[in-house]
Amino acid sequence: MRVLVTGAAGSIGRVVTVGLTDRGHEVVALDLVPAPEGHDGPWHTVDCADPDAVAAVFAAESPDAVVHLAGVPGEEDLPTELTSHLVTTAALLEAMVAHDVPRIVYASSNHAVGRTPRADLPDGLLTTDAPPRPDTFYGTAKVAAEALLSLYADRFGIDAVACRIGSFLEQPEVRRNLATWLSHDDCVRMVDASLTAPAPGFHVLYGISANTRAWWDLEAGRAIGYEPQDDAESWADRLPDRPEDAQENSVVGGPFAGEQFYRPAL
Ligand code: 15L
C-alpha cells in the first residue's frame with residue numbers, strides 16, 4: 001500500500017515510516033521540516049494546514065491511504081491546537097475526497113478522554129463507548145478531529161481509524177506509563193492493522209501496549225486486528241515513586257489534567 005505519512009520527522013513518524021516500510025508499504029513522507037539526513041524515499045516539506053499544498057502532494061503521489069501523525073504534541077492556546085489538529089485533518093480529508101483515497105489512520109490521543117477519573121472506570125477499564133472528556137485544548141482539538149473523521153466517514157464512506165495513543169516511548173519512564181505505555185513495535189502493529197483491516201468505517205481504539213495495569217480497553221483495537229505484544233510490567237520494579245504520582249494516577253490524562261496546564265484559550 002502507498003501510504004502518505006504526515007509528521008514523518010516527529011518521534012512517532014520516524015518509527016512508523018521505517019516500520020511500515022519494513023512491512024512492505026511504500027511510504028511517502030510529509031513534514032513541516034526537511035527530510036533528515038539519510039532518509040530514503042519521497043519527502044514533501046509541507047504544512048498540512050495548507051489545503052493547496054496538501055492537494056498538490058496528493059496529485060503528485062496518488063497515495064492509497066493516509067497516516068496523519070502531524071500536530072503539536074502538547075498544550076498550546078486553542079487556535080493553535082485547532083489549526084494543528086482539526087484544520088490539518090480537514091485539509092487531508094478534502095484531498096482524500098478529491099483524489100478517491102479511501103482510508104485515514106489518525107493519531108488521536110488519550111487526552112480526548114483525559115479528564116475521566118479512574119475511580120469512575122467500570123472494572124478499571126475505559127472503553128471507546130465512554131463520552132469524550134478532554135483534559136486540555138489539545139484533547140479538545142483531538143475530540144474535534146475525531147468528530148470530523150466521523151463526518152467524512154458518514155458523508156463519503158471514508159474508512160477512518162482514530163488511535164487514541166497513550167504514552168509513545170521507548171520504555172516506560174514514570175509509574176503512570178505502566179498503564180499508558182505504547183511501545184515502538186506495538187505502535188507499528190497498531191498503524192499497520194488500522195491500515196489493512198477490512199472496512200472498519202469510523203473506528204476509535206486505544207493505542208497502548210498489552211499492559212498488565214492498563215486503564216484503557218484494548219478490545220476495539222483487537223476487533224480490527226491490533227494484537228499488542230509488549231507489556232510495561234517488566235519495568236515496574238525500576239520506576240521509583242514520585243510525589244506527582246497521586247495526581248497523575250487519579251485521572252486517565254495524568255499530568256495534562258493538572259492545574260499547571262491551565263491557560264487562557266485565546
Ligand atoms: C499525548 O497525547 C501527548 O502528545 C504526549 O506528549 C504525552 O503527554 C502522552 O499523550 C501521554 O499521555 O503520556
Side-chain angles (χ1 to χ4, degrees), residues 5-16 31-32 67-78 80-86 88-89 105-118 121 125-126 128 130 132-146 149 161-184 186-187 190-191 194 204-209 211 213-218 221 228 230-232 235 239 242 244-263:
V5 177
T6 76
S11 58
I12 302 182
R14 276 176 276 137
V15 169
V16 165
D31 205 289
L32 269 178
V67 175
H68 184 24
L69 307 172
V72 293
E75 183 66 333
E76 307 286 343
D77 59 49
L78 186 61
T80 301
E81 293 293 346
L82 291 176
T83 301
S84 182
H85 304 293
L86 184 61
T88 60
T89 303
V105 179
Y106 179 58
S108 187
S109 168
N110 75 86
H111 298 290
V113 289
R115 264 287 176 158
T116 312
R118 285 194 48 227
L121 305 188
L125 284 180
L126 190 64
T128 51
R133 201 162 170 182
D135 52 22
T136 43
F137 303 134
Y138 170 75
T140 304
K142 292 296 192 188
V143 172
E146 288 185 7
L149 294 173
V161 181
C163 304
R164 290 180 179 164
I165 295 173
S167 304
F168 173 82
L169 296 165
E170 259 185 77
Q171 60 184 65
E173 293 174 357
V174 297
R175 295 202 69 78
R176 172 175 179 264
N177 300 154
L178 295 173
T180 65
W181 187 48
L182 174 65
S183 74
H184 287 191
D186 280 340
C187 183
M190 174 189 79
V191 172
S194 303
V204 177
L205 61 86
Y206 289 110
I208 55 170
S209 285
N211 301 323
R213 304 187 198 199
W215 297 339
W216 295 291
D217 195 336
L218 278 162
D230 297 319
D231 184 344
W235 278 268
L239 299 171
R242 294 148 61 240
E244 302 91 317
D245 287 345
Q247 184 279 326
E248 291 188 2
N249 292 327
S250 64
V251 284
V252 301
F256 277 35
E259 284 187 21
Q260 69 274 24
F261 280 87
Y262 293 10
R263 61 174 61 201

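Each ligand, and each atom within it, is numbered from 1 in the order the structure gives.
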For residues 5-13, please give each side-chain donor-acceptor pair under 3.5 Å, one per line with the distance, not counting sequence neighbours.
residue	atom	partner	partner atom	Å
Thr6	OG1	His68	ND1	2.7
Thr6	OG1	Leu69	N	2.9
Thr6	OG1	Ala70	N	3.0

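Shortest non-hydrogen contact noted between Leu218 and Ser209 is CD1-O, 3.7 Å.
Residues Asn110 and Trp215 are not in side-chain contact: their nearest non-hydrogen atoms beyond the backbone lie 4.5 Å or more apart.
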Check: every ligand 1 N/O to protein N/O pair under 3.5 Å:
residue	atom	partner	partner atom	Å
ligand 1	2 (O)	Ser109	OG	2.7
ligand 1	2 (O)	Tyr138	OH	2.8
ligand 1	4 (O)	Pro73	O	2.6
ligand 1	4 (O)	Tyr138	OH	2.9
ligand 1	6 (O)	Pro73	O	3.2
ligand 1	10 (O)	Asn110	ND2	3.4
ligand 1	10 (O)	His111	NE2	3.0
ligand 1	10 (O)	Gly166	O	3.4
ligand 1	12 (O)	Asn110	ND2	3.0
ligand 1	12 (O)	His111	NE2	2.8
ligand 1	12 (O)	Arg176	NH1	3.1
ligand 1	12 (O)	Arg176	NH2	3.1
ligand 1	13 (O)	Ser167	OG	2.5
ligand 1	13 (O)	Arg176	NH1	3.0

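Looking at Arg176 and Glu244, no side-chain N of the basic residue comes within less than 4.0 Å of a carboxylate O on the acidic one, giving no salt bridge.
For His111, the ring pair (Phe, Tyr, Trp, His ring centres under 6.0 Å) test picks out Tyr138, Phe256, with sequence neighbours left out. With sequence neighbours excluded, no residue satisfies salt bridge (Lys or Arg N to Asp or Glu O under 4.0 Å) with Glu81.
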